[in-house]
Amino acid sequence: MFIGELSRQTGMSTRGLRYYEQQGLLQPRRRPSGYREFEDSDVDRVRRIRVLLAAGLNTDLIREVLPCMADDGAILAPTCEEMAQDLVRERERMSRSIEELKSAHAMLEAIIHAGEPLTAQTDC
DNA sequence: ATTCTGACA
DNA sequence: TGTCAGTA
């Protein structure tokens with residue numbers, strides 16, 4: 001199928017589909033015309049990609065992890081142990097980011113409270 | 001009618 | 001990511 005049909009079957013814009021290809025997530029064949037030729041299995045592949053993206057993984061990691069993901073139609077499950085480790089590391093990075101945000105959030109809150117009650121405004 | 005690449009009032 | 005352009 002061409003990109004238009006894959007787009008309809010997945011709900012992903014053709015722009016997004018081309019972007020996935022650039023990121024190495026999809027590797028369609030090319031017709032002599034230059035048109036991208038996708039496999040029927042790509043419909044499901046796109047679905048998996050979206051799940052992984054929604055889980056916060058960047059395209060680099062998805063590219064590595066995608067090949068060994070079992071898909072029972074409902075959820076994705078890691079196949080190899082190495083990948084499982086990659087996912088755990090990613091989740092740890094995520095946790096660190098959350099902590100950093102919490103810290104920044106607390107500081108901003110302190111700054112906001114330090115300004116209360118708002119009374120005589122000098123310059124601003 | 002469709003897709004392709006490159007680019008951005 | 002959308003979208004417009006100029007093609008094939």
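The sequence lines fix the lettering, A, B, ..., with proteins before strands; numbering per chain opens at 1.
- The interatomic distance linking A:Glu21 (CD) with B:dG6 (C1') rounds to 15 Å, in whole Å.
- Distance A:Arg15 CZ to B:dC4 P: 13 Å, rounded to the nearest Å.
- Rounded to whole Å, atom P of B:dT3 lies 8 Å from atom CZ of A:Phe2.
- B:dT3: no Watson-Crick or G-U partner with both key distances under 3.5 Å is found in any strand.
- Ionic pairing of A:Arg30 and A:Glu21 is present here: one or more N-O contacts between side-chain nitrogen and carboxylate oxygen are shorter than 4.0 angstrom.
- In this structure, the side chain of A:Arg45 engages the main chain of A:Leu25 through a donor-acceptor pair within 3.5 Å.
- For the pair A:Phe38 CZ and B:dT2 C1', the interatomic distance rounds to 13 Å; values are reported in whole Å.
- Between A:Glu5 atom CD and B:dT2 atom C1' there is a gap of 13 Å when expressed in whole angstrom units.
- Contact annotation: A:Ser13 side-chain N/O to C:dG2 OP1/OP2 distance is under 4.0 Å.
- Counting to the nearest Å, the P atom of B:dT2 and the CE atom of A:Met1 are 16 Å from each other.
- Ion pairing between a basic and an acidic side chain is recognised when a charged N comes within 4.0 Å of a carboxylate O; A:Arg96 and A:Glu99 show no such pairing.
- Pairing for B:dC8 is with C:dG2, a Watson-Crick or G-U wobble pair whose two hydrogen-bonding atom distances lie under 3.5 Å.
- One finds the CD1 atom of A:Ile49 at 11.5 Å from the CE atom of A:Met69 (value rounded to the nearest 0.5 Å).
- Remark: A:Phe2 CZ is packed, more than 12 non-hydrogen atoms of other residues, nucleotides or ligands lying under 6.0 Å away.
- Rounded to a whole Å, the CG atom of A:Leu6 is 16 Å from the P atom of B:dT2.
- Residue contacts for A:Arg18: at a heavy-atom cut-off of 4.0 Å it reaches a base atom on one of the strands shown.
- Protein atom CG of A:Leu17 is 16 Å distant from nucleotide atom P of B:dT2, rounded to whole Å.
- Backbone-only engagement by A:Arg30 is indicated by non-hydrogen atom pairs under 4.0 Å involving sugar-phosphate atoms exclusively.
- In this model, no side-chain donor or acceptor of A:Tyr19 finds a partner on the base of C:dT1 within 3.5 Å.
- For the pair A:Arg36 and B:dC4, the criterion of a side-chain N or O lying under 4.0 Å from OP1 or OP2 is met.
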